[in-house]
**Q** 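Pasting a structure here, questions to come.
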Amino acid sequence: MDIPYNDLSITSDMVFQYVFSSPGCEPGLLSFINAVQADAHRPLAREVVVKSPFNPQLFLGGKRSVLDIKAIDDNNRTYDIEMQTVNKDAFLNRILYYWSRLYCEQIQEGDSYTRLNAVVSIVLTRFVLFPKLPDIHNVFYITAEKNPEYILTDDLQIHTLELAPPKLAALGEIQEPLRRWLDFLSTANEKTEVDMKVLLTQDGGLKVAYDKFREFTRNDEYRQIALAHEKYQRDRLAEMSLARKEGIALGEEKGRAEGRAEGRVEAVADLLRLRFPGTFTSEMESKIRQISDLAKLDQLFAAGVKADNVGDLTKWFR
């Protein structure tokens, strides 16, 4: 058993998708889900069916911004598993939005609400999501304010797993089998052959996941797509960061000189010209110049940083 390639980790978007949603992945996916559920003292599943099979085409040119794994177990519970590498604006709102969408999609108009079943979101991050919470694994429900031990419903379950320093320093405090899984997910591409043997002999599902990881690393086509996707993500983040810094600096400089909103307006206009050359029109710029509220200009700047195209900002130009 040789050591896997170390330039792609299991937490890379495409690798993670392959490990947990490609054909034959089910024993590994079931083991991981049950490790998370057991750590939260929630009911385990006997089997799972993947509802979002692996598709390498989704990673070409950054076609999708959200890449999650959907599965249903033998009790009709839906699982939504997502790996996130960057802490984006309104990230927590987005987690709740995707949970609610999956919950609503279970029934059609006229169906009985009794057909609704639990939706379990499992969100893994490679960054610290909750600096004030010491645990790697946090579980969120709806509880009574004065009696938090009373859970309104089991239908809403959101798990967060933070695979980032300094949280990983507390990995030894996590109970098995989740500790094995988190160790595997965070360091599998760095482990020696001996280290991997110790982990794999303790969990059959973990071995399936590792075998899927090995399959991926041996597929040159998939590796090239994954590396290109990671480069695309890095370049996009670098471009957005540069635009934000330049825009804020320009806005502050002009704002100090003029003492009015014009500085912010110029910052927003310059940002959008930089990000969307040829599609940011003079009419749009004119609409921006009619905004005098500094808070609204700041909101538009933030929206411009995140937008994939100028069409995402339509509401600001009405």
**Q** Are Arg179 and Asp183 ion-paired here, with the side-chain N under 4.0 Å from a carboxylate O?
**A**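 Asp183 and Arg179: not salt-bridged.
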
**Q** Does the distance from a Lys or Arg side-chain N to an Asp or Glu carboxylate O, for Arg289 and Glu285, drop under 4.0 Å?
**A**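 Yes, Arg289 and Glu285 are salt-bridged.
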
**Q** Locate the shortest heavy-atom distance separating Ala38 from Leu44; write the atom from each residue and the value.
**A**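 Distance-wise, the nearest heavy atoms are N-CD2, 3.8 Å.
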
**Q** Is there a side-chain contact between Trp99 and Gln157 (heavy atoms, below 4.5 Å)?
**A**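 Not in contact.
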
**Q** Looking at residues at least two apart in the chain, or sitting in another chain, which of them share a ring pair (Phe, Tyr, Trp, His ring centres under 6.0 Å) with Phe54?
**A**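 In terms of ring pair (Phe, Tyr, Trp, His ring centres under 6.0 Å), with neighbours along the sequence ignored, Phe54 is linked to Tyr18, Tyr222.
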
**Q** Which class fits the ring pair Phe32 and Phe20: parallel under 30°, tilted 30 to 60°, perpendicular over 60°?
**A**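 Tilted, since the angle between the ring planes falls between 30° and 60°.
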
**Q** Are Glu105 and Lys70 close enough for a salt bridge, meaning some N to O gap below 4.0 Å?
**A**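 Not counted as a salt bridge, because no side-chain N and carboxylate O are separated by less than 4.0 Å.
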
**Q** Are Val123 and Tyr103 joined in one hydrophobic group, where the rule is that I, L, V, M, F, W and Y side chains link up if heavy atoms are under 4.5 Å apart?
**A**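 Looking at the clustering, Tyr103 is in the same group as Val123.
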
**Q** What pairs of residues pass the side chain to side chain donor-acceptor pair (under 3.5 Å) test when at least one of them lies in residues 19-30, not counting sequence neighbours?
**A**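 Those involving residues 19-30 are Ser22-Lys212.
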
**Q** Report yes if some heavy atom in the side chain of Phe140 is under 4.5 Å from a heavy atom in the side chain of Thr160; otherwise report no.
**A**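 A side-chain contact under 4.5 Å exists here.
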
**Q** Find out whether Gln106 and Asn76 are in side-chain contact, i.e. whether some heavy atom of one side chain is under 4.5 Å from a heavy atom of the other.
**A**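 No; the side chains remain at least 4.5 Å from each other.
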
**Q** Quick check for you: to the nearest 0.5 Å, what is the distance between Gln175 atom CD and His41 atom NE2?
**A**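 With rounding to 0.5 Å, CD (Gln175) is 8.5 Å from NE2 (His41).
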
**Q** Give the other cluster members for Tyr141, using side-chain heavy-atom distances under 4.5 Å between Ile, Leu, Val, Met, Phe, Trp and Tyr residues; answer none if it is isolated.
**A**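 Members other than Tyr141 - counting any ILVMFWY side chain reachable under 4.5 Å - are Val139, Ile151.
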
**Q** With sequence neighbours excluded, tell me which residues meet salt bridge (charged side-chain N to carboxylate O under 4.0 Å, His left out) with Asp80.
**A**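 Applying salt bridge (charged side-chain N to carboxylate O under 4.0 Å, His left out) to Asp80 gives none.
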
**Q** Taking it one step at a time, do Asp68 and Tyr98 satisfy side chain to side chain donor-acceptor pair (under 3.5 Å)?
**A** CA-CA 10 Å; Asp68 51 357; Tyr98 279 100; over 6 Å; no

**Q** Kindly compute the distance separating CG (Asn75) from CZ (Arg46), expressed to the nearest 0.5 Å.
**A**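 So the CG of Asn75 and the CZ of Arg46 are separated by 6.0 Å.
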
**Q** Rounded to the nearest 0.5 Å, what's the gap from CG on Leu102 to CG on Asn117? Could you check?
**A**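 Those atoms lie 12.5 Å apart.
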
**Q** For residues 108-133, pull every pair meeting salt bridge (Lys or Arg N to Asp or Glu O under 4.0 Å), keeping only residues two or more places apart or in separate chains.
**A**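 Qualifying pairs: Asp111-Arg115.
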
**Q** Got a list of side-chain donor-acceptor pairs under 3.5 Å for residues 165-173, not counting sequence neighbours?
**A**
unit_1, atom_1, unit_2, atom_2, d
Lys167, NZ, Phe130, O, 3.2
Lys167, NZ, Leu133, O, 2.9
Lys167, NZ, Asp135, O, 3.3
Lys167, NZ, Glu162, OE1, 2.9
Lys167, NZ, Glu162, OE2, 2.7

**Q** In the structure I gave you, are the side-chain heavy atoms of Arg214 and Met196 within less than 4.5 Å of one another anywhere?
**A**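 No, every pair of side-chain atoms sits at 4.5 Å or beyond.
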
**Q** How many angstroms lie between atom CG of Leu124 and atom CE of Met83, to the nearest 0.5 angstrom?
**A**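 One finds 4.5 Å between CG of Leu124 and CE of Met83.
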
**Q** What is the distance from atom OH of Tyr79 to atom NZ of Lys51, rounded to the nearest 0.5 Å?
**A**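 Here the interatomic distance stands at 14.5 Å.
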
**Q** Between Leu178, Leu129, Asn138, which is the residue that forms a side-chain contact (heavy atoms from CB on, under 4.5 Å) with Leu161?
**A**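 Among the candidates, only Leu178 passes.
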
**Q** Report yes if the side chains of Leu92 and Leu96 come closer than 4.5 Å at any heavy-atom pair, otherwise no.
**A**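 When only atoms from C-beta onward are counted, Leu96 and Leu92 do not touch, as no gap falls below 4.5 Å.
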
**Q** Between CD1 of Ile174 and CD1 of Ile136, what distance do you get to the nearest 0.5 Å?
**A**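 Ile174 atom CD1 to Ile136 atom CD1 measures 4.5 Å (nearest 0.5 Å).
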
**Q** Considering only heavy atoms from C-beta outward, does the side chain of Thr125 approach that of Phe91 to under 4.5 Å?
**A**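 Yes, side chains in contact.
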
